[in-house]
Structures are given as C-alpha cells and as structure tokens.
Amino acid sequence: MEAAPIHSESFKLGFIGAGKMAESIARGVVQSGVLPPNRISTAINSNPNRGIAFQSFGVSLLPHNSDVVEDSDVVIFSVKPQVVKNVVLQLRPLLSKKKLLVSIAAGVKLKDLQEWAGHGRFIRVMPNTPSAVGEAASVMSMGGAATEEDGELVAKLFGSVGKIWRADEKLFDAITGLSGSGPSYIYLAIEALADGGVAAGLPRELALGLASQTVLGAASMAIKSGKHPGQLKDEVTSPGGTTIAGIHELEKGGFRGMLMNAVVAAAKRCQELSKS
C-alpha cells in the first residue's frame, strides 16, 4: 500500500505514550489552533492522572494503543526509548504506509524505527522540555519514504510548541548534547546567578526573579536582534566597568570551555547509549 497524501484540514493525530512531552505537544497543537482536540487521541495504559491531564483540554481517550493507531493518520510514538521497539512491533500490522509515523524517543535511530514498522514513512524529532511552555527547540530528520509534505506537516505540529529545524540524523547526538540537555545547563546558570545575587545582599525571591528574567531577556535579544552574541556582550561591556569585571572572573574560571565540554560530554554519552 503506497503512501497517500495526508489532508491538513481533516487529518487525525494520535499519541502512543501519554507522558509530559506528549501532553505538551498536544496542548500546543490545540492552543495554536493547528488541530481541534476532537481530532487528537491517546490511550492511558497505567497512570490515570495522565488521562485527566489530556481530557482537561479535550483530547479523546481510547481503550488501547491499537485503537489510537486505527483512528489516526499521524501517529507520534512518545514512549520511553527502551520500550519503543516492542511497542512498534506490537502495532506493526496496523502501521500501513497510509499513516505518517513520528518518533520522539531519544537515541532511537530511523533505520531501526523503519525496520520495526515495515516501511520508511517515518520522521524522527528531537524536542526538548521547554515545549511545556511553548518554547521548544526541536529538530527533525526525515525517513526514507517521508514526503516533503509530511515534513511540512510535522514542522507545523512541532512549530506549535516552539521552533523546529531540519537536520541530518547523524547530527542528533550533538543536538541532544546541546538542545536536549541544554535546558539543565541554563537552570544551573540561573540558580548560580540567583545565589550570586543573594551573596551580594539580595532577597532570594528577588534574586531568582532577576536571574530568570535576565536569561530570558538575553536569549530574546540574541534571537530577535540578529546580532552575534559576542557583539551583544561587547555592547554592555564598558571599559573598566562592572560587566567586564564579571566577565573576567568567568573567563578565569573557564566558563565558556566548561559549557563547550558539557555539550560534547552529553553528545558522547548519547552516542554510547544509542549503541548499547
């Protein structure tokens, strides 16, 4: 059975796996108006609280994963990486080429997903946790039989919870090290900035609010201004001023090198896990 076009005005979306990431994506798709909730479904296999979360914004709950697949034109596998093989193999008889399959399972390669499903109409997406607040940095890679229209549809779905790029799958380990693990590096930085504020005499609540908003504002400037971050840094660094004194301390501590090392270490670990 050959791949057929999926009609954007009528297609149905199903989630196999009803965790927090699936909820964030589904919620973003609904809130952005990409799909009404009555065209989205999932099945709850264990925790009933997950069902309550999905039902709170109108998503349909079906009895079994097989019902979700049968009811859907686009199927997103959002289960843990260690179980995705068994889940895809169990559902394989229902995974015809008429259906566009998407995986957000970290570290699971397209060649394996396509082999388990029996066809290559698969797209792999690497989102990150800020999808929960509509600020995800996602990257997708196309399977062998996925069409350009399939890619545009997936870009629209994941674009509802942030920004999405397209890249060769060979870059996914590095992408995981940067955007997949990166939010945790920034949380550490926010916590450290707030601690610095407290050490300098600020109340904890004020210090944390200032640190969080400063990181948000700086990221927005980097995105919206179109300027290189080095140029933005120079624009607030006066000769002999306060900022250069702080930057000097960061450079003495190897701040940039540590962040670079963190990305490389996480990418290396992702590569190791994908081979195990």
Side-chain angles (χ1 to χ4, degrees), residues 13-29 40-47 50 54 64-66 68-69 72 74-92 94-95 99-132 136-146 150-151 153-155 157-158 161-162 164-184 266-276:
L13 174 64
F15 288 87
I16 304 301
K20 294 285 183 68
M21 186 67 78
E23 179 193 344
S24 297
I25 297 164
R27 193 180 294 273
V29 167
I40 306 174
S41 66
T42 190
I44 308 301
N45 295 313
S46 53
N47 186 351
R50 302 306 308 143
F54 277 86
H64 305 289
N65 285 338
S66 56
V68 174
V69 173
S72 303
V74 180
V75 179
I76 297 179
F77 289 92
S78 49
V79 296
K80 289 181 171 59
Q82 58 266 34
V83 302
V84 68
K85 178 179 181 179
N86 286 339
V87 171
V88 174
L89 288 174
Q90 286 170 6
L91 296 170
R92 176 170 174 152
L94 304 173
L95 302 177
K99 298 181 187 295
L100 170 59
L101 310 179
V102 180
S103 171
I104 62 171
V108 182
K109 290 183 166 50
L110 274 169
K111 67 178 180 60
D112 293 323
L113 293 164
Q114 293 173 152
E115 180 183 333
W116 302 333
H119 66 82
R121 196 178 188 183
F122 231 121
I123 296 179
R124 182 181 171 192
V125 181
M126 179 70 199
N128 64 1
T129 55
S131 61
S138 303
V139 182
M140 68 175 180
S141 183
M142 308 278 282
D150 291 341
L153 189 153
V154 167
L157 289 174
F158 284 83
V161 291
I164 184 164
W165 289 262
R166 189 181 297 191
D168 192 294
E169 189 185 30
K170 68 183 180 183
L171 302 177
F172 267 45
D173 291 334
I175 288 163
T176 301
L178 176 54
S179 60
S181 301
S184 290
K268 183 179 178 182
R269 182 58 180 151
C270 183
Q271 189 176 37
E272 291 169 355
L273 290 173
S274 67
K275 290 179 179 177
S276 60

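Numbers here simply count residues along the sequence, with the first being 1. Since we're looking at a predicted model, the values are computed, not measured.
Here the CG atom belonging to L94 is positioned 11.0 Å from the OG atom belonging to S72, to the nearest 0.5 angstrom. L113 CG to L101 CG: the interatomic distance, rounded to the nearest 0.5 Å, is 9.0 Å. Remark: T42 OG1 to I16 CD1 distance equals 6.5 Å, nearest 0.5 Å. Atom CG of L89 and atom CD of E115 lie 8.5 Å apart (nearest 0.5 Å).
A search for side chain to side chain contact (heavy atoms under 4.5 Å, CB included) contacts involving S131 returns M21, S24, A136, V161, not counting sequence neighbours. Residues passing the side chain to side chain contact (heavy atoms under 4.5 Å, CB included) test with N47, sequence neighbours excluded: N49, R50. Residues passing the side chain to side chain contact (heavy atoms under 4.5 Å, CB included) test with K268, sequence neighbours excluded: E272. Applying the side chain to side chain contact (heavy atoms under 4.5 Å, CB included) criterion to A22, with sequence neighbours excluded, gives F15, F54, S78. Partners of R166 by salt bridge (charged side-chain N to carboxylate O under 4.0 Å, His left out), not counting sequence neighbours, listed by chain and number: E148. In this structure, the salt bridge (charged side-chain N to carboxylate O under 4.0 Å, His left out) partners of E169, at least two apart in sequence or on a different chain, are R124.
Residues V75 and V68 form no side-chain contact, since every pair of their non-hydrogen atoms from C-beta on lies 4.5 Å or further apart.
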For residues 173-181, which side-chain donor-acceptor pairs fall under 3.5 Å, sequence neighbours excluded?
from : atom 1 : to   : atom 2 : distance (Å)
T176 : OG1    : F172 : O      : 2.8
S179 : OG     : I175 : O      : 3.1
S181 : OG     : T176 : O      : 3.4

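Legend: side-chain hydrogen bond (donor to acceptor under 3.5 Å, both in side chains) pairs involving residues 102-112, not counting sequence neighbours, sorted by first then second residue: K109-S274.
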